[in-house]
Amino acid sequence: MYLDSRKSLEIDQMLKEFDGFNLVVHNCLINSYLEWGNVSEARKVFDEMPERNAVSWTSFVSGLLKHGNVDEAMSYFGRNPFSDVFSWTATINGLVQNRLSFEAMRLYKKMAVYGIMPNDVTFTCILRACGELGDFELGKSVMGSSIKVGFEDNLSISNSLVTFFLRLGEIDFARRTFDQMKEKNVISWTAILDMYVEMGDLEEAHRIFEEMPERNEVSWSAIIARFSQSGNVEEAVKLFQQMVKDRFKPNVSCYSSVISALASLEALPGGRTIHARVLKIGMERNVFVGTSLVDLYCKCKSTKDGRVVFDSIPEKNVVCWNSIVSGYSLNGQLGEAKELFNRIPKRNNISWNSLIAGYLGIENFSNALEVFDGMILSGEQPNKSTFSSVLRACASLPSLEKGKYAHAKALKLGFQHDIFVGTALVDMYAKSGSVESSKTIFNRMATKNEVVWTAMIQGLAENGFAEESLSLFEEMEHASSVAPNGLILLSVLFACSHCGLVDRGLKYFNSMEKVYGIMPNERHYTCVVDMLARSGRLREAEKFITDMPYEPEANALAALLNGCKIYGDEILAERIAEKLTGRAETKTGGYVLLSNVYASGGKWGDVLSTRNMINQKGMKRSGGCSRIEVRNEEHLFYSQDETHSQSKEIYWVLQLINSEI
DNA sequence: TTAGGGTTAG
């Protein structure tokens, strides 16, 4: 029995005035103080008690352990005159809960020296410690001891054993223990259910769930949570509906899980229905449910509603703050994200990561890096996802220096072996033109997934190492278990196109569906058009465009037009330019390219009239832009415009170099 | 004194 904090103080006061002593009331007082986190009052009552029994000692020691006061607890434990299996077990349990499993084991071994026999609860605690330590042999020897003492068919111990085997990934042992149990309860079933969900065998999990003779709200919440986390969100929602239909009362955990599932589905109407239920039972102020709701509204692009829920949560923790920051970030509302980020009382690395990801999302790469600098300065430890974002920002900026700095930091923290960080590094170096560094990182990676292969193959192709890119692709096909995907094949086509390997490219394109089972998309088609156009097979390219199953991308037409320019085919150019100008997205592109076709053919009159048309229609030219960094300064070069302050000098030098060549 | 479930980034 516990008293609330106000009542505890009142009763404490009354007892003092009464000057009486009742052991039971004092023990209750200690428990109440500890329950409310008032350790110093509990200590005072305990120290001033004229007489203590075994219960006083055990509850005070385990209360201290519950609040992390380990040294003090151990000191009181050593002085306990009522040393029995309860006091030892409670202490062992407290140590395990403080993640001091090694110390817990030591205490367990000491029990024998003092002649105290462990009971069933001792074994469950100690098995948990073995699980924490990841020591399979130790767990098995504890199991042996428990059998020796006669606990072979003990339900709690068997349940703990199942969990222990699961923690160590010993699936067969877990299943065998479960199958051999004479008696099973809802905990045993939930544990084994969890195993199948964790293994990703959701069908078997579902079967187990159906088979369970008994369910409670924890087993429901276990299966709903697991389905939700593993991405089987529709199934999670269905189970929730079933649970309600079966007249079970969903608890906080069920609501948070189902709301989180609805958030990934971006199911706003369903979310609002659940929100209404939550409001009805007064659960919206709960930090778990509230946080899920904030996330739901933000993922459904309704940051306003998310903010209302956020403001209504009385006791916000860092997860809750992070959800609103990431919610605003996700929706590109970086002003709000930054403002709330600044108000977080105690940030963690996820808070920083959320803001960095936000700037990355709106392609404000320099701010993303600025936040990263702030993170380092604040002493917060970046994690692998920080580096993954930061390196992506570096890849998009001309600065190789910043990328190198982030790389050094990642090395220092030992994240270089992480596949996400490794991939981001490969990509960053390739995009910054440092193909050699990119290759070094790639070759050092112990495990490679399709993303990193894609990054390397693409990096080589885009840096002009087309042959190498293609041989890497072949190596991937022969030496790895990674199957080519659409993106990799796009890089392969790109490489063929830039290498002039038209027939090989066409062979890859034609085998996409047949050999690799990948439907080519618009981008693949565009790449083939570019490939044909570059090699002068203009009519073939035109036919390819006419025959393709999609409306050609503007880029495909532009690529063909570019081919017309190189090979001086003005008739085809006019036809294509007309098609291109119908496109809203590139009204200018067609004309600019057409005027280039005329220019290369020396038809200056046509050039002029085309350019006039661009101006008449009030079209803004949007040319390409190159960026380089020289001595920490960014220089931008736009196609067709000489806007750089030193363009005169630059072109002069360029001319000089050209004449030298 | 014990064994099963919960919200945020990538």
Exercise. With a 4.0 Å cut-off on heavy atoms, is A/Phe86 in touch with a base, just the backbone sugar-phosphate, or nothing at all?
Worked result: base
Exercise. At under 4.0 Å between heavy atoms, what does A/Asp120 touch on the DNA or RNA strands: base, sugar-phosphate, or nothing?
Worked result: nothing
Exercise. Which part of the nucleic acid, if any, lies within reach of A/Ser62 when heavy atoms closer than 4.0 Å are counted: base, sugar-phosphate only, or nothing?
Worked result: nothing
Exercise. Taking C-beta and beyond as the side chain, do A/Cys130 and A/Tyr108 meet within less than 4.5 Å on heavy atoms?
Worked result: no
Seminar exercise, completed: Of the candidates B/dG4, B/dT7, B/dG10, the side chain of A/Arg167 sits closest to B/dG4
Exercise. What is the distance, rounded to the nearest whole Å, between atom CZ of A/Arg226 and atom P of B/dG4?
Worked result: 11 Å
Exercise. Between residues 326-356 of chain A and DNA chain B, which residues have a heavy-atom gap below 4.0 Å?
Worked result: A/Ser326, A/Ile350, A/Asn353, A/Ser354
Exercise. Which of residues 182-198 of chain A have a heavy atom under 4.0 Å from DNA chain B?
Worked result: A/Asn185, A/Val186, A/Ile187, A/Thr190, A/Asp194
For this session: Return no unless some side-chain N or O of A/Arg128 is found under 4.0 Å from OP1 or OP2 of B/dT2.
Result: no
Exercise. Is the phosphate of B/dT7, meaning OP1 or OP2, less than 4.0 Å from a side-chain N or O of A/Lys299?
Worked result: no
Problem set entry | Ring centre gap for A/Phe46 and A/Tyr76 strictly below 6.0 Å | yes
Exercise. Would you call A/Lys238-A/Glu234 a salt bridge at under 4.0 Å N-O?
Worked result: no
For this session: Go through B/dG5, B/dG10, B/dA3 for me and flag the one nearest to the A/Arg392 side chain.
Result: B/dG10
Exercise. Whole-Å distance between B/dG6 P and A/Asn251 CG?
Worked result: 11 Å
Problem set entry | Phosphate contact (B/dA9 OP1 or OP2) by A/Asn322 side-chain N/O below 4.0 Å | no
For this session: Would you mind reading off the distance between A/Ile274 atom CD1 and B/dG6 atom C1', rounded to a whole angstrom?
Result: 15 Å
Exercise. For the rings on A/Phe310 and A/Tyr297, is their centre-to-centre separation under 6.0 Å?
Worked result: no
Exercise. For the pair made of CG in A/Asn159 and C1' in B/dT2, what is the distance, rounded to whole Å?
Worked result: 10 Å
Exercise. When you measure from the side chain of A/Ser257, which nucleotide among B/dG6, B/dG5, B/dG10 comes out closest?
Worked result: B/dG6
For this session: Measure centre to centre between the rings of A/Trp88 and A/Tyr114, then say whether the value is under 6.0 Å.
Result: yes
Exercise. Should A/Glu217 and A/Lys249 count as an ion pair when the cut-off is N to O under 4.0 Å?
Worked result: no
For this session: With heavy atoms under 4.0 Å as the rule, sort A/Ser253 into base, sugar-phosphate or nothing.
Result: base
For this session: Quick one: pull up CZ in A/Phe77 and OG1 in A/Thr91 and give me the separation to the nearest 0.5 Å.
Result: 4.5 Å
Exercise. Can A/Lys66 and A/Glu35 be counted as an ion pair, charged N to O under 4.0 angstrom?
Worked result: yes
Exercise. Atom CD1 of A/Ile208 and atom P of B/dG5: how far apart are they, to the nearest Å?
Worked result: 16 Å
Problem set entry | N/O (side chain, A/Gln97) to phosphate O (OP1/OP2, B/dT1) under 4.0 Å | no
Problem set entry | Interatomic distance where CH2 belongs to A/Trp57 and P belongs to B/dT1 [whole Å] | 17 Å
Problem set entry | Residue pairs fulfilling ring pair (Phe, Tyr, Trp, His ring centres under 6.0 Å) with at least one residue in residues 230-252 of chain A, sequence neighbours excluded | A/Trp220-A/Phe248, A/Phe240-A/Tyr255
Problem set entry | Note: A/Asp172-A/Arg176 ion pair, threshold 4.0 Å (strictly below) | no
Problem set entry | Closest to the A/Gln229 side chain, choosing from B/dG5, B/dG6, B/dG10 | B/dG6
Exercise. Between the base of B/dG6 and the side chain of A/Ser256, is there a donor-acceptor distance below 3.5 Å?
Worked result: no
